[in-house]
J.: 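One structure coming up, written as structure tokens, with questions to follow.
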Protein chains: 2
Amino acid sequence: MYPQFRSPCPVASALDLVGDKWSLVVLRTIFAGRHRYNELAGVAEKISTNILADRLARLEGYGLITKRAYQHNPERFEYHLTQRGADFLPVLQQLAIWAREHIPDRWSLPGWFAEGTARQFYPEPGSEGAALNPRAG
Amino acid sequence: MYPQFRSPCPVASALDLVGDKWSLVVLRTIFAGRHRYNELAGVAEKISTNILADRLARLEGYGLITKRAYQHNPERFEYHLTQRGADFLPVLQQLAIWAREHIPDRWSLPGWFAEGTARQFYPEPGSEGAALNPRAG
DNA sequence: AAGGTCACTTGCAATATGAAAGTTGAGAGG
DNA sequence: CCTCTCAACTTTCATATTGCAAGTGACCTT
């Protein structure tokens, strides 16, 4: 499930999983309520589709997201956060707080993101989670 | 000072600065009290020196660290966190918390790291900061 | 049957990373 | 003076990752 780690350092190990240019951007997009491939491919940052497919497969392999069919004929999939993936929310929140303080002219943080908790994004949107999910509201 | 950003998203923008395999590992090492090139080059993760030199230059360019001579004849340098760099502590803390929860057999978090605040690592070790700095204690 | 959409996959050029060796400036030892 | 060492990079070159564009196949609509 996990790759070879550079060291047993927690910081370095977490980066062995998501320390690239796109993984956390993909996670952020799923937090934002975009669960389908074409929604994920349409982000403002213009991720190319080979990278997107690769990152989705990796994040699924690391247990951060799940892929499940939401219809058959044709079979279509949605990517959702696992608890492990949802627990990345504090990391993204702190990254965003840092950026808001130190890089000018960034987007402001929506309330569902700034005040959200990991639990609201797991297990499934629909019960408590849906209330703060931008696409369910 | 800053590069071209992929988008105005704070998360994506922060990753445009440090979203690679090594930048945050270098920052972590400086938080851990290693300030000199050979100390930074000697980390457990075996960073190669060309990458280290490049990341130090980039982090300095982004204003996250400063390079200053600590002696002359021969001139030798130390790298220290700026406030901007010290403010990355919460990001590293959350990354480490995630890894401790979700990846087995990682190092435990030293108290100076887990309970530290950004302010303790800035402006200079020596007054309040030195108290929690692992190499000063 | 023709055309369209979706979810990828492939090919290939451009860029980044990694390992190892080389360079520069200065002090130390003989 | 000549070599040796050390710190702090720099260079070289092989490998790996990323990016762009085009292609593929399953299924659906007309």
Side-chain angles (χ1 to χ4, degrees), chain A residues 3-7 9 12-13 15-30 34-62 65-80 135, chain B residues 3-7 12-13 15-30 33-62 65-80 135:
Chain A
Q4 277 277 113
F5 291 111
R6 283 175 285 184
S7 81
C9 168
S13 299
L15 293 170
D16 284 332
L17 304 183
V18 299
D20 68 279
K21 193 171 168 180
W22 288 108
S23 293
L24 290 183
V25 172
V26 171
L27 272 190
R28 171 216 66 177
T29 310
I30 298 177
R34 299 190 163 75
H35 299 286
R36 301 181 183 178
Y37 191 89
N38 59 346
E39 296 175 318
L40 293 163
V43 294
E45 291 86 6
K46 309 261 182 201
I47 188 172
S48 51
T49 59
N50 55 342
I51 303 291
L52 174 59
D54 179 76
R55 289 309 177 280
L56 288 171
R58 274 172 45 174
L59 293 173
E60 193 192 1
Y62 297 154
I65 62 176
T66 53
K67 177 185 187 174
R68 65 152 187 264
Y70 64 92
Q71 67 168 42
H72 293 279
N73 291 334
E75 205 164 42
R76 292 290 146 78
F77 302 97
E78 281 183 345
Y79 298 90
H80 285 269
R135 287 175 61 86
Chain B
Q4 276 277 113
F5 291 112
R6 283 176 285 184
S7 81
S13 299
L15 293 170
D16 284 333
L17 304 183
V18 298
D20 67 280
K21 192 171 170 181
W22 288 108
S23 293
L24 291 183
V25 172
V26 172
L27 272 189
R28 172 215 65 176
T29 310
I30 298 177
R34 299 189 163 75
H35 299 287
R36 300 179 183 180
Y37 190 90
N38 56 349
E39 296 175 318
L40 292 163
V43 294
E45 291 84 9
K46 310 260 182 200
I47 187 171
S48 50
T49 59
N50 54 345
I51 303 292
L52 174 59
D54 178 77
R55 288 310 176 281
L56 288 171
R58 273 172 46 175
L59 292 173
E60 194 192 2
Y62 297 154
I65 62 176
T66 54
K67 177 185 188 175
R68 64 153 188 264
Y70 64 92
Q71 69 168 42
H72 293 281
N73 292 333
E75 205 164 43
R76 292 292 146 77
F77 302 99
E78 282 182 345
Y79 297 90
H80 284 271
R135 287 174 64 86

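Order of the sequence lines sets the chain letters (A, B, ...), proteins ahead of strands, with each chain counted from 1. What you are looking at is a predicted structure, and each value in this text was computed from that prediction instead of being measured.
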J.: Return the minimal non-hydrogen interatomic distance between Gly33(B) and His35(B), and the atom names on each side.
T.: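 Shortest heavy-atom separation between Gly33(B) and His35(B) comes out as O-CD2, 3.2 Å.
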J.: Tell me what Asn73(A) touches on the nucleic acid: a base, only sugar-phosphate, or nothing, going by heavy atoms under 4.0 Å.
T.: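 Sugar-phosphate: the residue Asn73(A), judged by heavy atoms under 4.0 Å, touches backbone atoms but no base.
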J.: Let's go through Leu27(B) and Ile65(B) carefully: what are the C-alpha distance in whole Å and the side-chain angles of both, what is the deciding distance for side chain to side chain contact (heavy atoms under 4.5 Å, CB included) to 0.1 Å, and is it a yes or a no?
T.: CA-CA 9 Å; Leu27(B) 272 189; Ile65(B) 62 176; 4.0 Å; yes
J.: Who passes side chain to side chain donor-acceptor pair (under 3.5 Å) against Ser48(B), sequence neighbours left out?
T.: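 Residues passing side chain to side chain donor-acceptor pair (under 3.5 Å) with Ser48(B): Asn50(B).
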J.: At a heavy-atom distance below 4.0 Å, what parts of residues 40-51 of chain B sit against DNA chain D?
T.: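 Contacts with DNA chain D under 4.0 Å: Thr49(B), Asn50(B).
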J.: Please name the pair of heavy atoms, one in Arg6(A) and one in Lys21(B), separated by the smallest distance, quoted to 0.1 Å.
T.: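 Looking at all heavy atoms of both residues, the shortest contact is NH1-O, 2.8 Å.
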J.: Name the first nucleotide and the last nucleotide along DNA chain C (5' to 3') that come under 4.0 Å of a heavy atom in chain A.
T.: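 Listed 5' to 3', the contact boundaries are dC6(C) to dG11(C).
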J.: Listing request: all side-chain hydrogen bond (donor to acceptor under 3.5 Å, both in side chains) pairs with a residue in residues 51-61 of chain A, at least two apart in sequence or in separate chains.
T.: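 Checked against side-chain hydrogen bond (donor to acceptor under 3.5 Å, both in side chains) - neighbours excluded - the pairs reaching residues 51-61 of chain A are Asp20(A)-Arg55(A).
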J.: Can you list every salt bridge (charged side-chain N to carboxylate O under 4.0 Å, His left out) pair that touches residues 69-80 of chain B, not counting sequence neighbours?
T.: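 Pairs touching residues 69-80 of chain B that pass the test: Arg36(B)-Glu78(B).
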J.: Might you point out which heavy atoms bring Tyr37(A) and Thr49(A) nearest each other, and give the distance in Å?
T.: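 Answer, listing the atom of Tyr37(A) first, then Thr49(A): OH-O, 3.1 Å.
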J.: Among residues 18-28 of chain B, which residues get a heavy atom nearer than 4.0 Å to DNA chain C?
T.: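 Here the set is Asp20(B), Lys21(B), Trp22(B).
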J.: Taking side chain to side chain donor-acceptor pair (under 3.5 Å) as the definition, give me every residue that meets it alongside Ser7(A), ordered by chain and number, with sequence neighbours left out.
T.: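 Ser7(A) satisfies side chain to side chain donor-acceptor pair (under 3.5 Å) with Glu45(B) only.
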J.: Walking along DNA chain D from 5' to 3', note the first and the last nucleotide with an atom under 4.0 Å from a heavy atom of chain B, and give both.
T.: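 Listed 5' to 3', the contact boundaries are dA7(D) to dT12(D).
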J.: Closest heavy-atom contact between Tyr62(A) and Asp16(A)?
T.: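 Here Tyr62(A) and Asp16(A) meet closest at OH-O, 4.3 Å.
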J.: If I compare all heavy atoms of Leu15(A) with all of Leu24(B), which pair ends up nearest, and what's the gap?
T.: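 Nearest heavy atoms, Leu15(A) then Leu24(B): CD1-CB, 3.6 Å.
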J.: Would you name the heavy atoms of Leu59(B) and Ser23(B) that are closest together and state the gap between them?
T.: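 In this case the closest contact between Leu59(B) and Ser23(B) is CD1-O, 4.1 Å.
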J.: Any donor and acceptor pair, going by atom type alone, linking the side chain of Gln71(A) with main-chain N or O of Pro74(A) inside 3.5 Å?
T.: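 Confirmed, Gln71(A) side chain pairs with Pro74(A) backbone.
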